[in-house]
Amino acid sequence: MATQHTQNNHEAAYMSLMRGLKEMDLCGPCVPCDLVLTGDHAFPLVMNSRGQSLMAASLYGCGRIVVLGHEGYLKAFPTLVENALAWLRGDGSENRSVGVHNKVKAVADNLSKSSFQANVVEAFSDNPEVGVYVTDAYSVGEDPKDLVAFMKAGGGVLIAGQAWHWASTHPKENTLHQFPGNKVSGVTGIYFSEHQGKVECLPVYPQIPSSWMAVVLGKDFEDDLLFLLNGVSEFDLQGGLISSEILIHGPLAFPIGTTEDGRAFLAGAYYGQGRVIVMSHEGFLGRESLAPFWKNALHWLDEGRQGVIGVVPDHARKLFSTLGLKCEKTNFKKDLSVFVRTAYGNDHVEEIQEFVAEGGGLLIGGHAWHWAQTHRDQNPLTEFPGNKILNKMGLSLLGATIGGGLYKAPVPSQAIKDTYHFRHLLHRFASHVTKGEKLTKREEECLKKLGSDCCAYLNMKAHSCSSYMQVVATLTNILKKTGMPQVCDSCPVKSPKDHLLLSLGAEVYKVCPDPDALLPYLIKDNPLMPVVYNHRIRINVDRPEWEEWISTGLFLAPGMKTYMAIPAEIVNKDWKVQVGCQTDRLKAEELRRAPCVHERFPITSEMMQVSNLWGGLIYLVAPPKTKVEGLEVIVQMAVPAPYYKSGVTTLADWSLLRTAPSPWAELEFENLILTVPSEVIRDLERPDEVAALWDNIMRGIADLAVIPHKFPRKERFVADVQISHGWMHAGYPIMANEKAADLLVSIEHARTKGLWGPIHELGHNQQKRYWEFPPHTTEATCNLWSVYVHEEVLGINREKAHGAMPLEKRNQRTADYVKAGRNLSDWKVWVALDTYMQLQEKFGWDAFKKVFATYHEMSNFPNDNKGKMNLYVETFSQTVGMNLAGFFKAWGWPIETATEEKLSNLPPWSDHPMVQYD
């Protein structure tokens, strides 16, 4: 969508249009209609206490339009009319000629003393040289397209009228498209509606007016659904195709097909004078079982023109050609009635939007989830090609997925009441917060979804769009009214309402016009902390295989902003700044922190500002394969953090550093970085001894993996009040529950009780897919490192290292496994580890090291478990000079005859531990 610059232009336009006006007294005899505003450039001028827009303006092409909700306002507000004509004439235009339709000739009379030259005409075509044209909404002429073309080329249009009376006398006609005035104003995103507007005396606000009540739907869509779903009872989405979820956010957009829990896979919308339908997987465009729906959909998009339907995807054209429609294989061209394409190309974006705005039909099929997975550092709402077309139309494809199934079609008369709709529920929730209106059980159940949809919507960052800014203002007001739940370990968030508010906090804070004013409503306890200024950080990175975080030893308090001076060598090279170390995204029903508490900023300039609502440690994130040495980054202002770095920080330095005010501390060793709550290290006098312990552990991990002692990238542990799954989980960083942080820095605990869990996770990070057989070994082979480190580094026997490791327990598990039929489906976790332990007890750790070393030299690995298992049997047998096929067969492995033949020249391991069960 458009840029922040355009929004500023909208504000300037508003000020220009309302100059000299203190109030608008609408309490006269005129009963206006409510104007429905959509699109990027439409913005209200006058909004009543119900959030109804009664006057509005917009841009279209090179031209402009002002729309008044009753023709009487042309006479009642001469100052506004004169302001409007000046603005509509365009910046720098010398053309002072105004064409005035004779039905509103009073405007010409009022202009007699102004600098404008008014010409009263019977029709627009009578005086095409004018700069501005004034008409009522009922007299736009035989061909309103002339007026649209005039505007697009740079002309200005002032149009006034109401549609509620017309709608009452044309009950079977579609007001949005058939009311005369809408054939001009609707193209620009302003529609005369059939709803009467409440009249009152209104102040003229210094900025574009907004209200939470303005986020309502502009239509009930029952007649559209009756047409589209005629003869359609269900949507057959069965099979292997995975769709995207559609976010339906425009006031004239609506769901057509949804899952039982309200996620849309099929949706429609009005846009200008045209219509659009989106199916969130292009494969379904050619599905025969959906043919009755596609026939209805194409007729709905064609609007009775019986024109040519241009189709890009072949499978869609083949099906559509059987439906009695005029189909043609063609790329986009302007003389089509309906255009059918996928969501994947960046071509003709603006032309297609213009085509629909001026009356064309558009059918798009495609999903965004695969794009989102393969473009992780990009924003699917703004960067995915299909959304560049669809966002303006009130629809967006999300990265979230919808699986196959048979989904019931909605009942049109119940659809809006029963079906989840973003705008409808947002309006209801705002009513609940503002007026105390009670939500239904169904509405409460949908609040969590509303939260995630609001976050997705806000990611459009469409600051130029009045409709977007109305939602931002609504959400800002909600948060100011309710505050944000002060979530923590002792005060978890459980209710859908609190989930919603917690999700929204950071997202609204990022996009609202005045985040500093919102901050106190979001973070209640935010004490000032001492800071350091112009802190220099030297960065050295030596071609990491994956991205690498560089610690700065600095922290930002919640909402605190700082500038960073960046060396030119890393600008626009995929480097990032990250604020916050806890990168897990939470989806739990009970939250002890917000779902996402870190922020990332791409480094695109030599001076950049960073902040995070939640605060956090500051990192530089280096992209893979990067080599830099001795570069310096300067952080203007930040809170110092306790930060120990082996070989750099002296014990004397540390005695002061450990008192640094940041709530998070980091200990950086030879191959490992620990990020823990600062309270854990306040009394730690000898971090060098902790470093020595972890240096030995990490060398042990490297020894078993047969990799150099210096890791290509240091491993990281980060403690958090809540993580996405488990007590700890592997990755970069390895995430651990906050309560485990003490153990990570306790030498005594490591030496006496061991560190099975942390080393288990470090083992996960050493697993390689070519000797892994998921799901069987996923939680098993990582424990080879746990056993090895405990015995070889910490001096703790395997039987004491973990409660599952005593010999009698192992023997019992093996016997139970055999008794149950040696099913490979049962061969996992501890049972699987027992197999490897039997190998280790016979052949020693050296055999494993040699096997891992052999794998380092190999290539062209099988992808399936059976192939990988046979390769492992062959590799281990050749390594130890003994035929192990019989041993692995006794464990239920699928050993192939070819493997047995390859190993037949080796002596068999005939007294293996499983012989006793034969």
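Remember, it's a predicted structure, so these values are computed and weren't measured experimentally.
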Colleague: Drop me the distance from L336's CG to D302's CG, to the nearest 0.5 angstrom.
Modeller: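 If we round to the nearest 0.5 Å, L336:CG and D302:CG are 11.0 Å apart.
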Colleague: Is there a side-chain contact (heavy atoms from CB on, under 4.5 Å) between V107 and L111? Walk through the geometry before answering.
Modeller: CA-CA 6 Å; V107 172; L111 292 176; 4.0 Å; yes
Colleague: Looking at residues at least two apart in the chain, or sitting in another chain, which of them share a ring-ring contact (aromatic ring centres under 6.0 Å, His included) with Y521?
Modeller: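 Listed in chain order: nothing, the list is empty.
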Colleague: CG of L59 to CG of N9: how many Å apart, nearest 0.5 Å?
Modeller: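 Result: 8.0 Å between the selected atoms.
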Colleague: Tell me, with the steps shown, if R423 and V216 meet side-chain contact (heavy atoms from CB on, under 4.5 Å).
Modeller: CA-CA 6 Å; R423 276 184 177 269; V216 292; over 6 Å; no
Colleague: Who are the side chain to side chain donor-acceptor pair (under 3.5 Å) partners of Y138, not counting sequence neighbours?
Modeller: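 Checked Y138 against side chain to side chain donor-acceptor pair (under 3.5 Å); matches are E71.
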Colleague: Quick check on K75: does its NZ atom have over 12 non-hydrogen neighbours (other residues, nucleotides or ligands) under 6.0 Å away?
Modeller: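 No, not enclosed.
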Colleague: Would you confirm whether Q273, through its side chain, and L176, through its main-chain N or O, come within 3.5 Å as a donor-acceptor pair?
Modeller: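 Indeed, once roles are kept as given, a pair shorter than 3.5 Å links the two residues.
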Colleague: Do the non-hydrogen side-chain atoms of L390 and S396 ever get within less than 4.5 Å of each other?
Modeller: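 They are not in side-chain contact.
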Colleague: With a 6.0 Å cut-off on the ring centroids, do F150 and F124 count as close?
Modeller: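 When the ring centroids of F150 and F124 are compared, they turn out to be within the sub-6.0 Å range.
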Colleague: May I ask you to decide if H195's main-chain N or O and D34's side chain share a donor-acceptor pair within less than 3.5 Å?
Modeller: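 Answer holds: no.
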Colleague: Please tell me if the side chains of W87 and V66 come closer than 4.5 Å, counting only heavy atoms from C-beta onward.
Modeller: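 Result yes, sub-4.5 Å side-chain heavy-atom pair found.
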Colleague: Please give me the minimum heavy-atom distance between I190 and A42, naming the atom from each residue.
Modeller: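 Shortest heavy-atom contact: CG1-CB, 3.8 Å.
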Colleague: Evaluate F332 against F355 for ring-ring contact (aromatic ring centres under 6.0 Å, His included), listing each step before the verdict.
Modeller: CA-CA 10 Å; F332 176 73; F355 165 75; 5.3 Å; yes
Colleague: Can you measure from OG1 (T434) to NZ (K481) and round to the nearest 0.5 angstrom?
Modeller: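 Rounded to the nearest 0.5 Å, the OG1-NZ separation comes out at 6.0 Å.
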Colleague: So, for W212 and H427, is the gap between ring centers shorter than 6.0 Å?
Modeller: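 Aromatic pair counts; centres sit under 6.0 Å.
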Colleague: Determine whether H348 and F339 satisfy the following criterion, side-chain contact (heavy atoms from CB on, under 4.5 Å), listing intermediate values before the conclusion.
Modeller: CA-CA 12 Å; H348 303 291; F339 182 52; over 6 Å; no
Colleague: Who are the side chain to side chain donor-acceptor pair (under 3.5 Å) partners of N174, not counting sequence neighbours?
Modeller: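 N174 satisfies side chain to side chain donor-acceptor pair (under 3.5 Å) with Y270 once adjacent residues are dropped.
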Colleague: Does E200 use its side chain to pair, donor to acceptor, with the backbone of S49 at less than 3.5 Å?
Modeller: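 A pair under 3.5 Å: yes.
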Colleague: Provide the closest heavy-atom pair for A267 versus I246 in the form atom of the first, atom of the second, distance.
Modeller: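 Scanning both residues, the minimum pair turns out to be N-CD1, 4.0 Å.
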Colleague: Does any non-hydrogen side-chain atom of L54 lie less than 4.5 Å from one of M24?
Modeller: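 Heavy-atom side-chain distance check fails, nothing below 4.5 Å.
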Colleague: So, H10 side chain and A57 main chain: donor-acceptor pair closer than 3.5 Å or not?
Modeller: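 No: the side chain of H10 does not pair with the backbone of A57.
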Colleague: Nearest 0.5 Å please: distance from the CG atom of L35 over to the CZ atom of F192.
Modeller: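 It is 6.5 Å, given to the nearest 0.5 Å.
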Colleague: Mind checking side chain to side chain donor-acceptor pair (under 3.5 Å) for D223 and listing every partner two or more places apart, or none if nothing turns up?
Modeller: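 Once residues adjacent in sequence are excluded, the partners of D223 under the side chain to side chain donor-acceptor pair (under 3.5 Å) criterion are K219.
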Colleague: Would you mind reporting whether V338 and R275 have side-chain heavy atoms less than 4.5 Å apart?
Modeller: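 Not touching, per the 4.5 Å side-chain cut-off.
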Colleague: Sub-3.5 Å donor-acceptor pair from the side chain of H70 to the main-chain atoms of C33, do we have one?
Modeller: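 The answer is no, because no donor-acceptor pair under 3.5 Å joins these two groups.
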Colleague: Is there a donor-acceptor pair closer than 3.5 Å between any side-chain N or O of D136 and the backbone N or O of G161?
Modeller: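 Side chain of D136 to backbone of G161: no pair is present.
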Colleague: Is the centre of the Y14 ring less than 6.0 Å from the centre of the F43 ring?
Modeller: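 Centroid distance Y14-F43: not below 6.0 Å, so no.
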Colleague: Calculate, to the nearest 0.5 Å, the distance between atoms NE2 and CD belonging to H165 and E194 respectively.
Modeller: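 The NE2 atom of H165 sits 14.0 Å away from the CD atom of E194.
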Colleague: I'd like to know if the side chain of S16 reaches the main chain of A12, judged simply by a donor and an acceptor atom lying under 3.5 Å from each other, with no hydrogens or angles considered.
Modeller: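 The answer is no, because no donor-acceptor pair under 3.5 Å joins these two groups.
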Colleague: Strictly by side chain to side chain donor-acceptor pair (under 3.5 Å), give each pair with a member in residues 50-68 just once, sequence neighbours left out.
Modeller: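 Non-adjacent pairs meeting side chain to side chain donor-acceptor pair (under 3.5 Å): N48-Q52, Y60-E358, R64-D91.
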Colleague: Answer yes or no: is there a donor N or O on one side and an acceptor on the other, between the side chain of N379 and the main chain of N459, under 3.5 Å?
Modeller: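 The answer is yes, because a donor-acceptor pair under 3.5 Å joins these two groups.
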Colleague: Looking only at atom types and distance, does a side-chain atom of T175 sit under 3.5 Å from a main-chain N or O of S193, one as donor and one as acceptor?
Modeller: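 Between the backbone of S193 and the side chain of T175 there is no qualifying donor-acceptor contact (under 3.5 Å).
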Colleague: Got P32 and L26 here, is their nearest side-chain heavy-atom distance under 4.5 Å?
Modeller: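 No; the side chains remain at least 4.5 Å from each other.
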Colleague: For the side chain of N387 and the backbone of L397, is there at least one donor-acceptor N/O pair under 3.5 Å apart?
Modeller: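 Answer holds: yes.
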Colleague: Does R305 CZ have over 12 foreign heavy atoms under 6.0 Å away?
Modeller: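 Result for CZ/R305: enclosed.
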Colleague: Would you say Q470 and M47 make side-chain contact, with heavy atoms under 4.5 Å?
Modeller: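 They are in contact (side-chain heavy atoms under 4.5 Å apart), so the answer is yes.
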Colleague: Does L85 reach the side chain of V134, with side-chain heavy atoms less than 4.5 Å apart?
Modeller: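 Touching, per the 4.5 Å side-chain cut-off.
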Colleague: H170: which residues meet the ring-ring contact (aromatic ring centres under 6.0 Å, His included) condition with it, sequence neighbours left out?
Modeller: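 Partners of H170 under the ring-ring contact (aromatic ring centres under 6.0 Å, His included) test: W166.
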Colleague: Look at the aromatic rings of Y468 and H463 and report parallel, tilted or perpendicular, splitting at 30° and 60°.
Modeller: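 Rings of Y468 and H463: perpendicular, over 60°.
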Colleague: Side-chain contact test, heavy atoms from C-beta onward, threshold under 4.5 Å: evaluate it for V356 versus K392 and give yes or no.
Modeller: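 They are not in contact (no side-chain heavy atoms under 4.5 Å apart), so the answer is no.
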Colleague: Using a cut-off of 6.0 Å, state whether more than 12 heavy atoms not belonging to K105 lie near its atom NZ.
Modeller: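 12 or below, so no.
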Colleague: Determine whether more than 12 heavy atoms belonging to other residues, nucleotides or ligands lie under 6.0 Å from atom NZ of K145.
Modeller: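 No, NZ of K145 has 12 or fewer neighbouring heavy atoms, counting only those of other groups under 6.0 Å.
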Colleague: Would you please test V31 and V199 for side-chain contact (heavy atoms from CB on, under 4.5 Å) and show each step?
Modeller: CA-CA 7 Å; V31 180; V199 294; 5.7 Å; no
